[in-house]
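Below is one structure; the comments refer to it alone.
In what follows, residues are counted from 1 in the order of the sequence shown. All values below come from the heavy atoms of this structure, side chains included, with hydrogens, waters and symmetry mates left out.
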Amino acid sequence: MEFAELDDPIGRETLRRMASVDRYNRWIYDEIAPYAGRRLLEVGCGIGNMTSYFLGLDEVVGLDRLPSSVRYVRAAFADRPNVHICEGDITTRDTVAQLAGHRLDTVMCLNVLEHIEDHQTALRHTGRTADAGRPAAPLRPGRRVHAWHPGQRAGAFPPL
């Protein structure tokens with residue numbers, strides 16, 4: 001699948017540009033890596049810009065709601081048996097059920113929560129997909145990574 005085939009032209013251009021900022025992506029990885037366990041869920045994996053940094057983990061599950069992004073990332077990591085790419089919306093119970101088969105211990109939401117209208121449900125659901133001992137690692141534009149533990153109220157997350 002060609003990158004140009006992705007649905008949203010503005011989103012496509014944003015993801016393309018984010019793919020080219022290696023130092024920024026490395027900084028994000030360096031901020032998150034100390035919190036990551038061995039089995040990671042990446043909510044809003046897009047075209048896999050950050051997914052590639054976590055390939056050394058036991059399992060990486062990418063989640064995106066756009067079918068074209070899911071197809072693109074599946075093709076990009078088809079040779080990686082530890083990478084599973086799922087189509088779904090983290091705010092739905094069906095998606096949480098779909099993720100239940102994975103024994104995840106870390107959730108990563110990078111520059112995605114601001115695009116989810118019901119971000120509190122999204123945060124509650126991330127807490128249901130991972131072991132309670134590990135934090136979620138949300139990041140929003142212009143903010144540092146915030147380690148949010150699933151046991152916290154969703155309202156304890158800094159305002160969007």
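The two atoms that bring A76 and D79 nearest to each other are O-OD1, 4.2 Å, heavy atoms only. Of all heavy-atom pairs between I85 and C45, the closest is CG2-SG, 4.4 Å. Scanning both residues, D58 and N82, for their nearest heavy atoms gives O-CB, 3.1 Å. Scanning all heavy atoms of the two residues, the minimum distance from G46 to S69 falls at O-CB, 3.4 Å. In terms of heavy atoms, C86 sits closest to V61 at SG-CG1, 3.9 Å.
Atoms CD and CG, on E42 and D64 in that order, are 9.0 Å from each other to the nearest 0.5 Å. To the nearest 0.5 Å, the span separating CD on E31 from CZ on R26 amounts to 12.5 Å. Atom CD1 of I28 is separated from atom CG of N49 by 11.5 Å, given to the nearest 0.5 angstrom. Atom CG in D22 sits 5.0 Å away from atom OH in Y53 (nearest 0.5 Å). Rounding to the nearest 0.5 Å places CG of D105 at 9.5 Å from CD of E59. For the atom pair Q120 CD and T91 OG1, the distance stands at 13.0 Å (nearest 0.5 Å).
Considering only heavy atoms from C-beta on, L41 stays 4.5 Å or farther from H102 through its side chain.
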- Task: Determine, step by step, whether I90 and L99 satisfy the side chain to side chain contact (heavy atoms under 4.5 Å, CB included) criterion, reporting the C-alpha distance in whole Å, the side-chain angles of both residues, the deciding distance to 0.1 Å, and the verdict.
- Result: CA-CA 10 Å; I90 194 64; L99 297 170; 4.2 Å; yes
- Apply side chain to side chain contact (heavy atoms under 4.5 Å, CB included) to I32 and F54, showing your working. CA-CA 10 Å; I32 292 170; F54 293 92; 4.0 Å; yes
- Determine, step by step, whether L57 and R39 satisfy the side chain to side chain contact (heavy atoms under 4.5 Å, CB included) criterion, reporting the C-alpha distance in whole Å, the side-chain angles of both residues, the deciding distance to 0.1 Å, and the verdict. CA-CA 6 Å; L57 298 180; R39 306 176 75 79; over 6 Å; no
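For residues 85-99, no residue pair satisfies the salt bridge (charged side-chain N to carboxylate O under 4.0 Å, His left out) rule, not counting sequence neighbours.
L40 and V96 fall into different hydrophobic clusters, where Ile, Leu, Val, Met, Phe, Trp and Tyr residues are linked whenever their side-chain heavy atoms come under 4.5 Å apart, directly or through other members.
Judged by distance alone, the side chain of R38 and the main-chain N or O of G56 form a donor-acceptor pair under 3.5 Å.
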